[in-house]
Amino acid sequence: MLGLGVERLRADMNRLLALLFHQGVLDEQFLQLQQLQDESSPNFVSEVVNIYFQESEKLLRNLRSLLMDRELSDYKKMGVHLNQFIGSSSSIGAKRVRNVCVAFRVASEQNNRLGSLRALELLEHEYCYLKNKLHELFQIEQQRLLAAAVRYPVQH
């Protein structure tokens with residue numbers, strides 16, 4: 001019975017990953033990141049992704065503050081932040097976030113404030129969706145690891 005729970009959780013993880021790939025939220029880079037995880041570093045992927053989330057939160061705050069200053073939108077600085085966001089999103093396989101960052105960078109290079117505001121809104125939406133889904137994935141993974149580790153005493 002216990003093995004069935006572990007298998008059900010593994011199937012849930014696989015279904016969620018398949019959905020995220022089908023939706024274009026993730027790309028093959030995420031799979032490569034997962035391949036780096038092993039028994040010696042069982043939380044490697046979640047640790048890397050949590051660092052990504054921390055850095056992304058800072059980048060989003062910086063981008064929003066740059067855009068909210070109506071007088072002095074610093075599009076060059078926005079480009080620097082967006083390049084960082086593109087790089088870090090690529091490194092974890094966050095395909096849709098990366099693609100929105102690229103479109104945002106185009107708008108900022110054209111000094112297009114309205115386009116940049118729309119891109120920021122879409123970026124925040126895509127980022128939140130990614131964050132929620134990856135947290136869900138990591139929760140299922142933790143449940144699976146706990147279920148696999150549970151040992152019941154043998155009754156005679």
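Quick caveat, the model's predicted, so the values are computed rather than measured.
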Inset, instruction - Check step by step if side-chain contact (heavy atoms from CB on, under 4.5 Å) holds for Q37 and E141. - result: CA-CA 13 Å; Q37 184 166 293; E141 184 176 27; 3.2 Å; yes
Can you tell me how far [atom2] of [Y] sits from [atom1] of [X], rounded to the nearest 0.5 angstrom?
X   : Y    : atom1 : atom2 : value
F85 : K58  : CZ    : NZ    : 12.5 Å
I92 : N50  : CD1   : CG    : 10.0 Å
L20 : L134 : CG    : CG    : 6.5 Å
R10 : I140 : CZ    : CD1   : 12.5 Å
H22 : L17  : NE2   : CG    : 14.5 Å
D12 : E136 : CG    : CD    : 9.0 Å

Would you call [X] and [Y] a side-chain contact if the rule is heavy atoms closer than 4.5 Å?
X    : Y    : result
L16  : K133 : yes
K76  : V80  : no
V102 : L82  : no
F30  : V45  : yes
Q143 : V6   : no
L59  : Q84  : yes
L66  : H81  : yes
L120 : L60  : yes

Would you kindly say whether [X] and [Y] are connected by a side-chain donor-acceptor distance under 3.5 Å?
X   : Y    : value
Y75 : Q110 : no
Q29 : Q34  : no
Y52 : S89  : yes

Inset, instruction - Check L130 against A94 and note the closest heavy-atom contact, atom names and distance. - result: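 That would be CD2-CB, 3.6 Å.
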Inset, instruction - Look at the rings of Y127 and F53 and say which category their plane angle falls in: under 30° parallel, 30 to 60° tilted, over 60° perpendicular. - result: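 Ring orientation, 0 to 90° scale: perpendicular.
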Legend entry - In one Ile/Leu/Val/Met/Phe/Trp/Tyr side-chain cluster, 4.5 Å: V25, L31: yes
Inset, instruction - Mind running side-chain contact (heavy atoms from CB on, under 4.5 Å) on K95 and L26 for me, showing each step along the way? - result: CA-CA 5 Å; K95 182 179 177 181; L26 295 175; 6.0 Å; no
Donor-acceptor contact present, side-chain [X] to main-chain [Y], <3.5 Å:
X    : Y    : value
N112 : G115 : yes
E126 : R96  : no
Y129 : E124 : no
R118 : F104 : no

Inset, instruction - Under the side-chain contact (heavy atoms from CB on, under 4.5 Å) rule, what do L36 and V48 come out as? Steps first, then yes or no, please. - result: CA-CA 11 Å; L36 297 174; V48 168; over 6 Å; no
Inset, instruction - Take E57 and K131 through the salt bridge (Lys or Arg N to Asp or Glu O under 4.0 Å) test and state the conclusion after the steps. - result: CA-CA 11 Å; E57 301 281 339; K131 187 174 181 179; 2.9 Å; yes
Legend entry - Residues R64, M68; criterion side-chain contact (heavy atoms from CB on, under 4.5 Å); working and verdict: CA-CA 6 Å; R64 179 159 289 289; M68 290 304 113; 3.4 Å; yes
Legend entry - Salt-bridge contact R98-D27 (side-chain N to carboxylate O under 4.0 Å):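 Looking at R98 and D27, the cut-off is met.
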